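See below for the structure under consideration.
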Amino acid sequence: MGLKLFNTMGREMQEFVPINKGEAFVYACGPTVYNYAHIGNLRTYIFEDILRRVLEFSGYKIKHVMNVTDVGHLTDDADSGEDKMEKSARETGRTVWDIAKFYTDAFFSDIESLNIEKPEIVCRATDHVGDMIDLIKKLEDKGYTYVSGGNVYFSIDKFADYGKMALLDRQNLQAGSRIEVDSNKRNPHDFVLWFTKSKFENHAMLWDSPWGKGYPGWHIECSAMSMKYLGESFDIHCGGIDHINVHHTNEIAQSEAASGKKWVNYWLHGEFLVMNKSKMAKSAGNFITLSTLKEKGYDPLDYRYFCLSGHYRSQLQFSFESLDAARTARVNLVDRVKALNAEALGAVSDKLSDKGTLYLEDFKSGIEDDLNCPKALAVFWTMLKDQNLEAGEKLSLSLMFDKVTGLELSVKKDEKEEIEELDDNIRRLIDEREEARKSKDFARSDSIRSELKMLGIEIKDTPDGTVWKKL
RNA sequence: GGCGCCGUACCCAAGCGGUAAGGGAGAGGUCUGCAAAACCUUCAUGCACCGGUUCGAAUCCGGUCGGCGCCUCCA
């Protein structure tokens with residue numbers, strides 16, 4: 001039984017068959033770095049990380065490319081509007097390059113704390129303008145473009161399959177129902193490949209091109225960079241569900257028009273994180289960042305666990321109540337594995353029993369069924385609670401499963417080291433409480449316990465003695 | 001207006017034709033000086049509603065109601 005993925009192209013479940021045996025080439029749309037990523041954005045990167053880990057678990061060697069969009073996305077209207085980078089720069093008094101650097105760093109810091117594996121190749125749009133120009137020239141040579149009002153447009157009527165993935169009916173497309181149509185366009189759904197005319201003056205990011213000084217349109221970077229690093233045809237392209245209709249539809253048109261080949265075999269799209277019944281967006285006033293969660297005392301991995309509790313193709317309902325549930329579940333999971341470590345003295349069983357093998361198969365069938373993480377977590381918990389499985393085997397399975405879940409279960413914090421970190425005052429209190437308990441002075445011991453709780457230390461008296469843990 | 005998706009317990013959420021996974025919360029119990037933790041037990045004759053197909057439907061079909069998204073930059 002192999003890996004099955006839901007392909008947006010054709011809207012059906014398909015067995016994953018890579019172009020090159022044993023290798024998976026993946027392109028994922030990355031961040032636009034004019035602001036912080038919010039946790040809704042981050043959900044998509046967690047989904048892509050799970051895809052990576054499942055492919056690795058299934059034995060594929062991965063080449064994963066992610067772009068960083070540091071130019072070219074506009075704030076409003078179809079093909080006008082102010083460049084978001086420029087707007088952000090103007091508002092904060094920094095240069096566009098500073099803005100890009102700052103938010104790129106912030107993004108990768110978030111990614112790292114969520115234990116997301118970094119793609120093999122991360123590429124910035126501004127470093128690849130030459131590649132984009134080459135691609136536009138190719139499209140021009142093949143007759144897919146026209147120049148109007150100073151800008152280079154892609155003519156969608158020249159590309160027969162336009163809108164195939166999005167299930168767009170070209171005859172019934174209603175452009176302009178919500179926005180003003182750019183009068184330079186022959187077809188309202190044509191899109192810009194290269195701008196030389198912007199209605200905003202003093203554009204800071206400009207490059208020379210055969211069509212004049214300007215900047216690239218906002219779909220061309222993904223086509224240019226993916227083909228540069230992964231070839232004209234590759235296996236998987238993923239991104240947020242909102243990209244299906246416009247961004248990915250246009251990318252397909254320009255890429256396949258240029259190469260004359262099928263560009264991508266499998267399209268995977270992650271659903272939205274919703275909050276109070278609507279998608280997370282700054283304009284809706286429900287914009288939460290990972291920093292906000294950290295300030296509230298959550299571990300980034302609490303959010304990762306939360307995301308794993310839902311399927312990537314379903315909307316996930318965010319609330320702090322649910323996040324609390326995820327935090328508790330994650331901490332319990334970590335504690336259980338820690339306990340297994342202690343019980344098995346860290347020795348994993350190298351051989352699995354029939355029962356253990358069954359759990360492994362169950363887990364695999366979950367993740368191979370279009371990355372069904374909720375199913376995989378359910379198997380994980382059932383395995384941990386199985387009273388007929390020995391600790392070493394449970395530990396071994398846990399560490400295997402965590403290759404996919406990425407909850408850092410194998411990073412066992414040495415409790416002795418933690419004790420070293422405790423300052424003397426706390427250690428003295430713990431000792432003092434032990435003395436009090438021995439002499440049956442329970443009022444004293446209880447007051448010390450509450451004092452420690454104020455300091456963030458929780459005490460538990462087990463049959464094997466008193467243990468403590470940081471809250 | 002066009003198109004796509006969804007509605008499962010107090011909360012989150014799997015299941016997608018064979019008789020309701022998992023987590024969190026809640027309840028009871030064992031243990032404990034008391035707690036906490038751990039462990040055990042318990043928690044939807046029911047899957048928005050109404051019809052239909054079927055030996056059998058949360059799962060398929062039709063309708064109704066409710067919600068979300070895309071068609072504008074957007075994860």
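In what follows, every chain begins at residue 1, and chains take the letters A, B, ... in the order their sequences are listed. Computed from a prediction, not measured in an experiment: that's the story for all the values here.
- Figure legend: A:K185 and A:Y153 shown without cation-pi pairing, the cationic atom not lying both under 6.0 angstrom from the six-membered ring centre and within 45 degrees of its axis.
- What separates CZ of A:R313 from P of B:A13 is a distance of 16 Å, to the nearest Å.
- Partners of A:S223 under the side-chain contact (heavy atoms from CB on, under 4.5 Å) rule, at least two apart in sequence or in another chain, are A:L135, A:M227, A:E251, A:Q254, A:S255, A:W263.
- Atom C1' of nucleotide B:U72 and atom CZ of A:F191 are separated by 16 Å, given to the nearest angstrom.
- Comparing A:G30 and A:I244 against RNA chain B, the residue whose closest nucleotide sits nearer the 5' end is A:I244.
- If you take NE2 of A:H237 and P of B:A75, they are 13 Å apart, rounded to a whole angstrom.
- Using a 4.0 Å cut-off between charged nitrogen and carboxylate oxygen, A:E434 and A:R437 count as a salt-bridge pair.
- Between the CG atom of A:N250 and the C1' atom of B:C71 there is a distance of 12 Å, rounded to whole Å.
- To the nearest angstrom, P of B:G4 lies 16 Å from CD of A:E12.
- Taking atom C1' in both B:C55 and B:C68, one finds a spacing of 38 Å when rounded to whole Å.
- A 6.0 Å sphere centred on CD of A:E432 holds more than 12 heavy atoms belonging to other residues, nucleotides or ligands.
- Screening residues 380-407 of chain A for salt bridge (charged side-chain N to carboxylate O under 4.0 Å, His left out), with sequence neighbours left out, gives A:K355-A:D386.
- Between the side chain of A:R449 and the base of B:C34 there is at least one donor-acceptor pair of N/O atoms closer than 3.5 Å.
- Here the separation of B:A48 from B:A58, taken at their P atoms, is 10 Å to the nearest Å.
- Look at the C1' atom in both B:A38 and B:A20: the space between them is 29 Å, to the nearest Å.
- Closest to the side chain of A:T32, out of B:C71, B:C68, B:A75, is B:A75.
- For the side-chain contact (heavy atoms from CB on, under 4.5 Å) test, no residue two or more places apart in sequence or in another chain qualifies with A:A378.
- With C1' as the reference atom, B:G51 and B:C10 are 31 Å apart, rounded to whole Å.
- Using a 4.0 Å cut-off, some side-chain N or O of A:N41 falls inside it from OP1 or OP2 of B:A75.
- Counting any heavy atom pair closer than 4.0 Å across all strands shown, A:G40 reaches a base atom.
- For the pair A:Q317 CD and B:C12 P, the interatomic distance rounds to 6 Å; values are reported in whole Å.
- A:S319 comes within 4.0 angstrom of no nucleic acid atom, judged by non-hydrogen atoms across all strands.
- Taking the side chain to side chain donor-acceptor pair (under 3.5 Å) definition, one finds that A:T289 meets it with A:T292, sequence neighbours left out.
- Between the CG atom of A:L273 and the C1' atom of B:C68 there is a distance of 13 Å, given to the nearest Å.
- For the 3.5 Å distance criterion, the side chains of A:E12 and A:Q14 qualify, holding a donor opposite an acceptor.
- In this structure, the side-chain contact (heavy atoms from CB on, under 4.5 Å) partners of A:S113, at least two apart in sequence or on a different chain, are A:L290, A:K294, A:P300.
- Under 4.0 angstrom from either OP1 or OP2 of B:G15 there lies at least one side-chain N or O belonging to A:N372.
- At the heavy-atom level, A:D335 lies nowhere under 4.0 Å from the strands shown.
- Following rounding to the nearest Å, A:Y303 (OH) and B:A75 (C1') show an atom-to-atom distance of 10 Å.
- As judged by a 4.0 angstrom heavy-atom cut-off over every strand, A:H269 is placed among residues making no nucleic acid contact.
- In RNA chain B, consecutive stretches of 3 or more Watson-Crick or G-U wobble pairs with both distances under 3.5 Å are given as paired ranges: B:1-7 with B:65-71, B:10-12 with B:22-24, B:26-30 with B:38-42, B:48-52 with B:60-64.
- Within 4.0 Å (heavy atoms only), A:R437 reaches at least one base atom of the nucleic acid.
- Ring-centre distance between A:W381 and A:F401: not below the 6.0 Å cut-off.
- No engagement by A:L323 is indicated, since no non-hydrogen atom pair under 4.0 Å with the nucleic acid exists.
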Nucleic acid footprint by protein, nucleotides 17-29 of chain B - heavy-atom cut-off 4.0 Å, B for base, S for sugar-phosphate alone: ----BSSSS----

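- If you check every strand for non-hydrogen atoms under 4.0 Å, A:S322 touches sugar and phosphate atoms only.
- Checked against salt bridge (charged side-chain N to carboxylate O under 4.0 Å, His left out), A:R313 has the following partners two or more places apart in sequence or in another chain: A:D370.
- Listed candidates were B:A75, B:C12, B:G4. Nearest to the side chain of A:R11 is B:G4.
- Scanning for side-chain contact (heavy atoms from CB on, under 4.5 Å) contacts around A:S109 gives an empty result, with sequence neighbours left out.
- Across all strands shown, A:Q387 has heavy atoms under 4.0 Å from sugar-phosphate atoms exclusively, and none from any base.
- Among the protein residues, A:R433 comes within range of the nucleic acid bases, having at least one heavy atom under 4.0 Å from a base atom.
- In this structure, A:I459 reaches the bases: a heavy-atom distance under 4.0 Å links it to at least one base atom across the strands shown.
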